[in-house]
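Right, one structure below, let's go through it.
Heavy-atom basis, side chains included; hydrogens, waters and symmetry copies ignored.
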Amino acid sequence: MTQILRRGLAVAAGAVVAGAVLAPLPAHAGTDVGAASALGKKTFSYSYSEGYCFYSKPLKKAMKVRVSGKLRYVRNAYKFNRGIRVRFHDPTLVEPKVTLATATKCSGGRAAKVSKAKVEQLWYDWSCKTNVSVFVGLPWQAGVGATRSCGKTKRAHRSTGYGSGSGFVQHNSGAPAKWGWGRDGKGIKKGGKICLHGDGAATIWSGNRSDSVIRALDVCVPASYKGLS
């Protein structure tokens, strides 16, 4: 049975305050589900996929790391005075996946087998705040640790080890990570984005030698005003 842990972990949605546009939007595909009416609560879900390649000179192998999944959130739109107020709530990572492929080089080349490997993904607040609740399902962990963009801060973390091979995939189909952002929230203006920091990391071994890499793979999705005038 999945145990839900509540920890004070920061949330990426706080990445954008009203009207601020942070970073170029990565390629994504979006769908919306929920109430037919534009007013009230409506759920939006956008896919993300970001990656990089690192070449280990000591091991003479390339490490191709990619994080992917969906970022889901709730929009609450309601009449306020003479206009409409819009708030965004509870960004949730759905099916967050990390993959590692090892090859002879970053561009082209062929698969290169390693004796064992480890892949990791870490998620945390874009603005590095630590006062936002997070709900994670096992085997995720929530706690304070090092991050690429915020230094030592609260984060959601998942690490998996593997034996020999050249392709490794960490699935998290039944273990979403949800941040409690926006309950008293602020509106994000049209053109704004909901963002989070994600670190993708990998370690590979070749016999008794190893090498590691970790990089920030930031994710932003649109703060949707679809259906609102």
With a 4.5 Å heavy-atom cut-off, do [X] and [Y] have their side chains touching?
X: Ile188; Y: Ile194; answer: yes
X: Asp218; Y: Ser149; answer: yes
X: Pro96; Y: Tyr48; answer: yes

Using every non-hydrogen atom in the two residues, find where [X] and [Y] come nearest and quote the distance to one decimal.
X: Arg87; Y: Tyr78; value: NE-OH, 2.8 Å
X: Thr104; Y: Tyr55; value: O-CE1, 3.4 Å
X: Val86; Y: Ala77; value: CG2-CB, 4.3 Å
X: Arg66; Y: Ser49; value: NH1-OG, 2.9 Å
X: Lys61; Y: Ser206; value: NZ-OG, 4.0 Å
X: Ala38; Y: Arg75; value: O-NH2, 3.3 Å

Spatial distance of atom [atom1] ([X]) from atom [atom2] ([Y]) [nearest 0.5 Å]:
X: Lys64; Y: Lys105; atom1: NZ; atom2: NZ; result: 10.0 Å
X: Leu138; Y: Asn172; atom1: CG; atom2: CG; result: 11.5 Å
X: Ser166; Y: Ile204; atom1: OG; atom2: CD1; result: 11.0 Å
X: Tyr124; Y: Thr153; atom1: OH; atom2: OG1; result: 8.5 Å
X: Gln121; Y: Leu217; atom1: CD; atom2: CG; result: 10.0 Å
X: Cys150; Y: His197; atom1: SG; atom2: NE2; result: 4.0 Å

Distance alone, cut at 3.5 Å: any donor-acceptor contact between the side chains of [X] and [Y]?
X: Thr203; Y: Ser212; answer: yes
X: Gln170; Y: Thr160; answer: yes
X: Thr43; Y: Arg72; answer: no
X: His171; Y: Glu95; answer: no

- Could you check Val169, Val119, Val67 and say which one makes a side-chain contact (heavy atoms from CB on, under 4.5 Å) with Lys97?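 So, applying the side-chain contact (heavy atoms from CB on, under 4.5 Å) to Lys97 and each of Val169, Val119, Val67, only Val169 qualifies.
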
Under 3.5 Å donor-acceptor, [X] side chain and [Y] backbone:
X: Tyr52; Y: Gly200; answer: yes
X: Thr102; Y: Lys113; answer: no
X: Trp140; Y: Ala156; answer: no
X: Arg158; Y: Leu122; answer: no
X: Asp199; Y: Arg148; answer: yes

- Val94 reachable from Phe88 in the ILVMFWY side-chain graph, under 4.5 Å edges: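 The answer is no; the residues belong to distinct hydrophobic clusters.
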
- Message: Under the criterion side chain to side chain contact (heavy atoms under 4.5 Å, CB included), I'd like the reasoning laid out for Val65 against Thr99: C-alpha separation, chi angles, the key distance, then a yes or no.
- Response: CA-CA 6 Å; Val65 180; Thr99 63; over 6 Å; no

